[in-house]
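In what follows, a structure is listed as structure tokens, so that the remarks can point back to it.
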Amino acid sequence: MAPIGGKDAHRSDLVFLLQNDQSQPPLKTPQHVDRMKRNSGDPYWSRLETRVWTVTLLMGTCLLYCARASMPICAVSMSGYFGWDKRQSGIALGSFFWGYCVTQVAGGHLSDKVGGEKVILLSALSWGFITAVTPLAAHVTKDPLLLVSLLRFLMGLFQGVHFPALASLFSQRVRDNERAFTCSAVGCGSQLGTLLIGGVGSVLLEWYGWESVFYFAGFLTLSWGYCLSTYLLKERERIITFEDLGKGFSRSTQTSVSWKRLFRRAAVWAVIIAQLSVASTSFTLFSWVPTFFKERFPDAKGWVFNVVPWLVAIPSAIVSGLLSDYLIAQGYKTIWVRKLMQVCGMGLSSLFILCLAHTNSYCQAIAFASVAVGLQTFNHSGITVNVQDLAPSCAGFLFGVANTGGALLGVVWVYLSGYLIESTGSWGPMFHLVIAVNVLGLLVFLEFAKSERMDVEMIHL
């Protein structure tokens with residue numbers, strides 16, 4: 001007589017083990033995860049991919065500012081070496097700006113069509129190479145001013161696509177609940193780059209000459225581009241083909257956006273006007289605040305007011321991104337969070353700018369400037385992300401439009417500020433102009449901004 005439950009029990013145990021084994025998910029290799037994402041049509045990065053790309057792009061933005069600031073740091077030494085006067089030095093410095101304004105809209109539009117990662121890689125390799133060869137080109141030519149100015153113009157062309165490409169890339173690959181932190185973290189690369197080139201560049205300039213500053217920024221950028229191409233991008237993502245260019249700058253009846261209808265939306269103009277205000281006032285403060293400190297506090301050490309505000313800005317940017325994503329995860333409306341970030345970035349910062357304008361205490365001035373610059377980083381979690389909320393399919397284009405306008409308006413404000421300072425003999429009017437522009441942009445954003453997509457109805461499928 002067979003024991004109770006003999007063969008049937010063994011069979012049941014075997015079936016249970018097979019079922020239990022099938023319930024365990026198989027180990028997933030990176031290739032398997034990538035294949036699953038393609039099959040499911042999920043365009044977004046995983047959390048790990050987002051973190052890796054955030055660190056990588058933060059480093060890229062840092063190097064972008066290192067290369068951009070190489071010329072200003074070396075301007076005095078180069079002027080003495082080549083015999084340039086201030087007017088000629090100004091031509092070399094200003095040529096970057098005109099190239100920077102030209103490519104923002106086109107770069108953003110191209111990124112929307114072919115992918116921001118392609119545009120970022122190509123541009124970084126280009127301006128990295130230009131930075132590295134600038135000293136060699138300046139030494140071999142008979143007219144160094146002309147050639148250096150041309151190279152600076154070309155650098156501006158290639159760097160102009162960086163931030164619109166970032167906006168496009170984040171709108172397509174980063175999930176909504178991680179987007180503010182990603183934008184803020186990558187955005188603080190600008191402050192980190194300013195600090196890095198200000199410290200390391202000054203040492204290199206003193207020990208090895210002005211050429212070493214360009215070599216440092218250029219070769220680091222080329223190394224970064226190599227690592228990006230080798231370790232993060234697939235082979236098809238490394239180059240922009242003529243087919244990509246045709247796709248990027250052609251209008252298709254199947255996937256075209258009606259720009260007229262898009263620009264009739266009040267929410268779109270709200271974010272554009274806010275970005276115009278932020279970009280132009282930031283450019284004005286960046287240009288004049290160092291001179292303000294030198295004139296009002298002539299005995300102060302320059303490295304203090306050139307370094308401390310940027311040290312405050314880096315953690316402030318990280319905190320603003322984390323706070324924004326946390327509030328949205330807790331159930332607060334997205335548009336409420338975006339407006340809160342702008343109240344901090346444009347409203348509260350203006351309050352501390354007003355305090356800066358009317359203080360005669362050096363310590364208070366450093367504190368007010370640091371808090372103002374730190375609060376301005378909250379804009380990364382406000383309007384920068386709101387562009388991606390409104391139109392993910394053309395976020396790069398919209399950001400390019402707003403940033404181009406902001407840069408051009410910034411030049412106007414810089415010249416107007418200089419006129420006001422000269423004619424009144426006071427720094428107050430310059431700061432008041434900045435505050436007025438900020439408040440106007442904030443009021444428009446608070447009244448008309450939204451977070452719902454505006455491009456859905458305008459994409460013809």
Side-chain angles (χ1 to χ4, degrees), residues 55-84 86 89-90 92-93 96 124-125 127-140 144-145 148 151-152 155-156 159 162 186-227 285-294 297-317 362 366 369-370 373-374:
V55 173
T56 303
L57 294 173
L58 185 154
M59 294 172 61
T61 304
C62 172
L63 293 172
L64 177 110
Y65 271 79
C66 285
R68 182 182 301 184
S70 296
M71 182 69 188
I73 286 178
C74 300
V76 175
S77 298
M78 294 179 69
S79 297
Y81 185 89
F82 293 111
W84 297 341
K86 288 187 176 180
S89 181
L93 288 169
F96 170 88
L125 293 176
W127 52 259
F129 176 77
I130 290 172
T131 305
V133 302
T134 295
L136 298 176
H139 283 301
V140 300
L145 176 63
V148 169
L151 290 175
R152 289 290 294 176
M155 179 186 289
Q159 287 203 356
H162 182 81
V186 172
C188 75
S190 58
Q191 288 87 22
L192 184 61
T194 303
L195 286 172
L196 178 63
I197 197 64
V200 177
S202 298
V203 173
L204 291 174
L205 179 63
E206 182 178 352
W207 289 1
Y208 302 106
W210 63 268
E211 296 91 345
S212 62
V213 180
F214 287 89
Y215 294 144
F216 170 77
F219 286 116
L220 271 185
T221 301
L222 293 175
S223 300
W224 178 85
Y226 171 80
C227 293
L285 290 173
F286 184 80
S287 300
W288 283 112
V289 166
T291 306
F292 163 79
F293 272 98
K294 288 180 181 179
F297 310 103
D299 297 328
K301 294 184 180 297
W303 69 266
V304 176
F305 56 78
N306 284 329
V307 170
V308 172
W310 307 112
L311 286 176
V312 174
I314 294 173
S316 176
Y362 178 67
I366 290 293
S370 299
V373 171

>> Run the side chain to side chain contact (heavy atoms under 4.5 Å, CB included) test against Phe219 and tell me which residues pass, sequence neighbours left out.
In response: Ala132, Tyr215, Leu222
> How far apart are the C-alpha atoms of Trp288 and Thr291, what are their side-chain angles, what is the distance that settles it, and do they pass the side chain to side chain contact (heavy atoms under 4.5 Å, CB included) test?
Replying inline: CA-CA 5 Å; Trp288 283 112; Thr291 306; 4.3 Å; yes
>> I'd like to know if the side chain of Arg68 and the backbone of Leu63 have a donor-acceptor N/O pair within less than 3.5 Å.
In response: no
>> Test of understanding: with side-chain hydrogen bond (donor to acceptor under 3.5 Å, both in side chains), list the residues that count as partners of Thr134, not counting sequence neighbours.
In response: none
>> side chain to side chain contact (heavy atoms under 4.5 Å, CB included) for His139 and Glu211? Distances and angles first, verdict last.
In response: CA-CA 10 Å; His139 283 301; Glu211 296 91 345; 2.9 Å; yes
>> As an exercise, state the distance from CG of Leu195 to SG of Cys188, rounded to the nearest 0.5 Å.
In response: 10.5 Å
> Taking all non-hydrogen atoms of both residues, which atom of Cys66 and which atom of Gly193 are closest, and how far apart?
Replying inline: SG-O, 3.6 Å
>> Can you list everything that forms a side chain to side chain contact (heavy atoms under 4.5 Å, CB included) with Leu145? Sequence neighbours excluded, please.
In response: Trp84, Gln88, Ala92, Asp143, Ser149
> Does the side chain of Thr221 reach to within under 4.5 Å of the side chain of Thr131, using non-hydrogen atoms?
Replying inline: no
> Of Leu64, Thr56, Leu125, which meets side-chain contact (heavy atoms from CB on, under 4.5 Å) against Trp224?
Replying inline: Thr56
>> Tell me the closest heavy-atom pair linking Leu205 and Ser212, and the distance in Å.
In response: N-OG, 4.3 Å
>> Please evaluate residues Leu58 and Leu192 with respect to the criterion side chain to side chain contact (heavy atoms under 4.5 Å, CB included), reporting the C-alpha separation (whole Å), side-chain torsions for both, the decisive distance (0.1 Å), and the verdict.
In response: CA-CA 9 Å; Leu58 185 154; Leu192 184 61; 3.8 Å; yes
>> Please give me the minimum heavy-atom distance between Leu151 and Ile130, naming the atom from each residue.
In response: O-CG2, 3.5 Å
> When rounded to the nearest 0.5 angstrom, what distance separates CD in Gln159 from OG1 in Thr61?
Replying inline: 10.0 Å
> Under 6.0 Å between the ring centres of Trp210 and Phe82?
Replying inline: yes
> Considering all heavy atoms of both residues, which atom of Val312 and which atom of Ser370 are nearest to each other, and what is their separation?
Replying inline: CG1-O, 3.6 Å
>> Ignoring hydrogens, what is the shortest heavy-atom contact between Ser70 and Ala217? Give both atom names and the distance.
In response: OG-CB, 3.7 Å
>> Working to the nearest 0.5 angstrom, can you tell me the gap between Ser79 OG and Leu93 CG?
In response: 7.5 Å
> Who pairs with Ser202 by side chain to side chain contact (heavy atoms under 4.5 Å, CB included), at least two apart in sequence or on another chain?
Replying inline: none
> Taking all non-hydrogen atoms of both residues, which atom of Pro290 and which atom of Leu285 are closest, and how far apart?
Replying inline: CD-O, 4.0 Å
> Would Leu196 and Tyr65 satisfy side chain to side chain contact (heavy atoms under 4.5 Å, CB included), going step by step from the backbone distance to the final call?
Replying inline: CA-CA 9 Å; Leu196 178 63; Tyr65 271 79; over 6 Å; no
>> What's the separation between atom CZ in Phe96 and atom CE in Met155, rounded to the nearest 0.5 Å?
In response: 7.0 Å
> Are side-chain heavy atoms of Val148 and Met71 found at a separation under 4.5 Å?
Replying inline: yes
> Residues two or more places apart in sequence or in another chain: which of them pass side chain to side chain contact (heavy atoms under 4.5 Å, CB included) with Ala313?
Replying inline: Gln191, Val373, Thr377
>> Looking at Phe129, I want to see if its CZ is surrounded by more than 12 non-hydrogen atoms of other residues, nucleotides or ligands under 6.0 Å.
In response: no
